[in-house]
Amino acid sequence: MTDIYGYTAAAPMYRAAGWMQVIPLPEGCKTPPPAGFTGRSRKPVTDEQIQLWSQANPNANTGIVIPEGVLVLDIDAAQGHQVKADGVKGISELSQELGMLPATWSSTAHGIDSPARHLFYKVPEGLAWKGGAIEGVDILQPGHRYSVVWPSIHPSGEMYCWYTPSGAFSGTLPHIGDLATLPWKWVDYLRKPDRVSNSTTLTPSYSREYDDRMCKAVNTFLNKTLANPASKGSRHDTTLQAVWALVNFAQEGHRGALDAINQLKPRFIAEVAPDRQGKEREAAREWASILSGAMEKVNSVQSHVDPCEQSKIERMTPGEFDELTQNAAASQMEESYPQQVQNGSTESYEANKTSSNWRFEDLTQLASGIELPPTPTVFQREDGQGLFYRGAVNDLHGEPGCGKSMLAQIATAQELKQGHDVIYIDYEDSARNVVKRLLLLGVTGEQIVQHLHYVRPSAKPSSPTSLDGWKETLDYADTATLAIIDGVTSCLAYAGLDSNSGDDIAAWYNTMPRLISACGPAVVLIDHVVKSKDNRGRYAGGSMQKLALIDGISYSVDMTKPVGKGVRGVIVIKSGKDRISEIEEHCAVSWDSNGSHLREAARIEINSTDPKLMRVTIARPNMMPSEDRQAKRDDFRPTGLMERISRMLEDSLEEPNQSELFKALKEDGSGARTAVMSKAVSLLLQEGFVSNRSGRNNRSIFKSVRPYRQIDDPKSDAYVDRMSREEASELDDENHLEI
C-alpha cells in the first residue's frame, strides 16, 4: 500500500472493503467534496462516476462518506487544533461514566502517537445521532460529514494512515465488518432522544428519507423495524421476523422489499456480534442462516403489480392486513365454511363468522345436551385415550430438537393409517422429510397420496397469491380429522405479526387456527419456548395470550432419552392446560416436583433400531402419586440378589463378614450397588433366612439358617404357586410314563 497514491488507485480498494460512497477531494485539501454526493439526500457513487472522477484528477485526496451502520468519533487534541476544549481529555472523562471505548480501527495524519484521530465503530442503523459527544469530540454519521482517509495528504503535508485496534500501523484497509461495535451505553448516550407526538404515539428517533426504490408499505415497515431493534423480544427474533415479513412483501409484489433486507444485514451483525463467541463472523453466519431460511420460502409465483400502487393503502405496518385483500378473503371464506362441523361444536364457526357483530347466542342445543363439547379422539395412547381434541386448537411446545414435529408426524401417521384426511401446514421443514418420516412410521404411499394435504406457505393466507390455496385448505378441513401448523413463530412472521403482542396473537388465532378447527379437525400448533428455563411458564414463548386462547389442550414436550437412528428414545408430554378437562383426568395424579403445574399425559417410546421401520408406543404416564412412588421405592425387594446371597452362605465353609460377602458377590459378577446388597442382607436377616453374630474384631459374621428361593416368595416376580408346581410335576411324570 505504501506505493499507492491518489484517488484513482484507492477508490476500488475501498469499494472492495465495503466502503461504497468513496469521493474525491482536492489534492492536499479536506474540502470541498463533490456536490450532491454527501448529506442525507446524497446520490449514490457508481463505478462510472468513480471512473469520471479518476480521469479528471487521479491524484485527488480520498474521502469516505459514512455509511449506515457506522459512526465515527472525531477526537481533537488541544495542541493540534485551535480549540477551547481538549477532546482527548473529554472522551477520557466520558469513559469513566459510560465505560471504556473498545479498541477499534482509527485514521489520522498526525502519526502513531497522536491522540487526535477518527475512531470508527459499528452501530445500529436508522438512529439519529447528536452532533457531538462532548466539546472537542464531533460525531461523523450517515448523512453528515465524511472522513478524509489514506492515501490522502493532510494540508500539513503528512499522509493519512490506518491503524489497527492494537494501535499498530496497518498496511491494509479495514472492512466495515472489522470495526468494533460501539457499546449500548455509548449508543444510548450519543443518539438523539425519542420524540413523542401529540397523539402520544412514538415516532422513530431517527429521520430516514423516503427511499424511492421502495413502496410505501416497505418504507413504513423498514422504518418501524429500524426504530426498535428488539421489538420481538430479542435482536435475533426481530430480524428473523422482519426478513420473513419482507420476503412475504416481495411475494406480494411490493417494490423494494429485497433492498430493505439488504439494509438490515449490517445492522443485525453489529447488534448481535458482541453477544456471540465468534463475534462478527458468527453473526454473519447467523444472518446467512436467517436469510437462506427465508428465501427457501419463496416460490416462483410472484405478483407483478405492487399492491401499494393498486389500492388506497397509506401505510402498512406489522399486524395490519391489507383491507382490500382481507375483504376479498372474507368473502371467499364465507362460501367455503361448513354449516355443520364434525365431532365438534359450531360455536367457534359462528363466533368467527359474526365476529364483527354483538349477538347473543341461542343456547338451546347446548343446554339440552344435543351439541356436546369436542372430544379427544386424535393421537391415541395404547389404552385408547385420545390426546388431542377435534374441533379445537391444541398445541405442542418445547425446546428446539425436543421432538415436537416428530410427535405431530406420529399423530399424522395414526390418522392416515385409519384412512382419515390430514392437513399439514409446514413453515419449518420440507415435504421430502415429512413423507420420509411417515413411510418409516409404516404409512403406505397410497395413504399419503390420498389423504395427506401438505402445503409449505410463503405468504399469509389473505395475500393475493395465497387466497386460492387458503380456500382449498378450508375445503380440505371439512373432512380432515387433524390439521398441523408447524412453526407458529414463522407463521406469525409471514403475517407481519408480533409473537409478543397479545392483540396480534388473538387476531391470528381468529383468522387462521380457529377457522380451521371450526370445520372439525383437531388443530395442533407447533411452537417454541423461551430460551431461559427460569422464565418459562406453562405456555409457549411470546405472549401469555397463547395459553389463554388454547381451547383444546396445551402440552409441554421433553425428550428424556435421545431419539435417533439406531436407538430407543423417549419423549414425554405434559399437560399445562386442558380447557375441556376430558384428558386431564387421564394424566398423572400429581404435578411435576419442580412446581411447574404440569402433569404427565403420555410417554412416547420410539424404537429406531430397525433402519426400515420406526416402532412407536404411546404409553400411559406413571399414574402413581409421588408419595406412592416413594412407598414403592421403600418396598423395593431385590429377590434375585437375596437368593444369590442365600446360596453363597449355604455353600460357604466359613462364616463371612459383610465385607467378605460383598467382595465375593462382586467377584461372582454381581454389579449391584453396596446399598442394594445391604438391603438384601437386611431382608434375609429380618425374615429369618440368615443369622448373624459378633466375630473377629467385633464385626458381624453371617450364616445360613434356611434357604431362600424367589420361586417360594409371593412378593417376587419369579414366584410360582406351590399347587401349580405340583400339578406341573404330576403332568411331567405322566408324560414320562406315556413315553
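Each residue takes its place number in the sequence, starting with 1.
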Out of curiosity, Leu264 CG to Leu222 CG, how far, rounded to the nearest 0.5 Å? 6.0 Å

For the pair Lys561 (side chain) and Glu605 (backbone), establish whether a donor and an acceptor sit closer than 3.5 Å, ignoring hydrogens and angles. no

Counting N and O atoms only, with roles assigned by atom type, does the side chain of Lys577 sit under 3.5 Å from a partner on the main chain of Ile550, one being a donor and the other an acceptor? yes

Verify, without hydrogens or angle tests, whether Asn223 (side chain) and Thr220 (backbone) share a donor-acceptor contact under 3.5 angstrom. no

Without swapping roles, check the side chain of Asn394 against the backbone of Ala522 for a donor-acceptor pair under 3.5 Å. no

List the atom of Ala408, the atom of Ile526, and the distance in Å for their closest heavy-atom pair. CB-CD1, 3.8 Å

For Tyr454, ring pair (Phe, Tyr, Trp, His ring centres under 6.0 Å) partners two or more places apart: Tyr424

So, for Ser581 and Asp578, which heavy atoms are closest and what is the spacing to 0.1 Å? N-OD1, 3.0 Å

Can you tell if the side chain of Val557 reaches within under 4.5 Å of the side chain of Glu399, non-hydrogen atoms only? no

Glu286 meets the salt bridge (Lys or Arg N to Asp or Glu O under 4.0 Å) criterion, sequence neighbours left out, with Arg276

Under 3.5 Å, side chain of Arg390 to main-chain N/O of Gly520, donor-acceptor pair present? yes

Least distance between heavy atoms, Thr225 atom then Ala242 atom: CG2-CB, 3.8 Å

All side-chain hydrogen bond (donor to acceptor under 3.5 Å, both in side chains) counterparts of Thr560, not counting sequence neighbours: none

Any side-chain heavy-atom pair from Ile573 and Leu387 closer than 4.5 angstrom? yes

Taking side chain as C-beta onward, heavy atoms only, is Val616 less than 4.5 Å from Ile604? yes

Closest heavy-atom pair, Pro513 versus Val523, reported as atoms and distance to 0.1 Å, is O-CG2, 3.7 Å

Quick one: list whatever passes salt bridge (Lys or Arg N to Asp or Glu O under 4.0 Å) with Arg615, sequence neighbours left out. Asp610

My understanding is that only residues two or more places apart in sequence, or in another chain, count here; which of them pass salt bridge (Lys or Arg N to Asp or Glu O under 4.0 Å) with Glu280? Lys122

So, does Arg599 use its side chain to make a donor-acceptor pair with the main chain of Ala588 at under 3.5 Å? yes

Are Glu125 and Gln263 close enough that some pair of their side-chain heavy atoms sits under 4.5 Å apart? yes

Can you give me the closest heavy-atom contact between Thr481 and His420, atom names plus distance? OG1-CB, 3.4 Å

With a 4.5 Å cut-off on side-chain heavy atoms, are Phe379 and Leu396 touching? no

When you compare the side chains of Tyr389 and Asp551, does any donor N or O come within less than 3.5 Å of an acceptor on the partner? no

Hey, does the side chain of His397 reach the backbone of Tyr555 with a donor-acceptor pair shorter than 3.5 angstrom? yes

How are the rings of Trp287 and Phe268 set to each other: parallel, tilted or perpendicular (split at 30° and 60°)? tilted

Among residues at least two apart in sequence or on other chains, which ones pass ring pair (Phe, Tyr, Trp, His ring centres under 6.0 Å) with His451? none

Take Ile583 and Ser575, measure what side-chain contact (heavy atoms from CB on, under 4.5 Å) needs, and give me the verdict at the end. CA-CA 9 Å; Ile583 299 175; Ser575 168; 6.0 Å; no

Can a donor-acceptor pair be found, under 3.5 Å and without considering hydrogens, that links the side chain of Asn510 to the backbone of Ala506? yes

What pairs with Arg437 under salt bridge (Lys or Arg N to Asp or Glu O under 4.0 Å), at least two apart in sequence or on another chain? none

Under the side chain to side chain contact (heavy atoms under 4.5 Å, CB included) rule, collect the residues that match up with Pro562, sequence neighbours excluded. none

When you compare the side chain of Asp426 with that of Val455, does any pair of heavy atoms fall below 4.5 Å? no

Tell me whether Arg267 contacts the main-chain N or O of Gly69 through its side chain, where contact means a donor paired with an acceptor under 3.5 Å. no

Distance-only donor-acceptor check, side chains Thr617 and Glu382, under 3.5 Å: no

Partners meeting side chain to side chain contact (heavy atoms under 4.5 Å, CB included) with Ala180 (sequence neighbours left out): Pro102, Thr104, Tyr121

Below 4.5 Å, heavy atoms only, C-beta onward: do Pro521 and Ile516 meet side chain to side chain? yes

As a quick check of understanding, evaluate side-chain contact (heavy atoms from CB on, under 4.5 Å) for Ile571 and Val563, giving each step before the final call. CA-CA 8 Å; Ile571 299 173; Val563 174; 4.0 Å; yes

Could you report the tightest heavy-atom contact between Gln447 and Val443, atom names first, then the distance? OE1-CG1, 3.5 Å

Partners meeting side-chain hydrogen bond (donor to acceptor under 3.5 Å, both in side chains) with Glu282 (sequence neighbours left out): none

For a quick check under 3.5 Å, do Glu428 and Ser490 share a side-chain donor-acceptor pair by atom type? yes

Does Arg579 have any side-chain hydrogen bond (donor to acceptor under 3.5 Å, both in side chains) partners at least two apart in sequence or in another chain, and if so, which? none

Keeping the roles fixed (side chain from Arg381, backbone from Gly386), state whether a donor-acceptor pair exists under 3.5 Å. no

Residues two or more places apart in sequence or in another chain: which of them pass side-chain hydrogen bond (donor to acceptor under 3.5 Å, both in side chains) with Gln450? Glu446

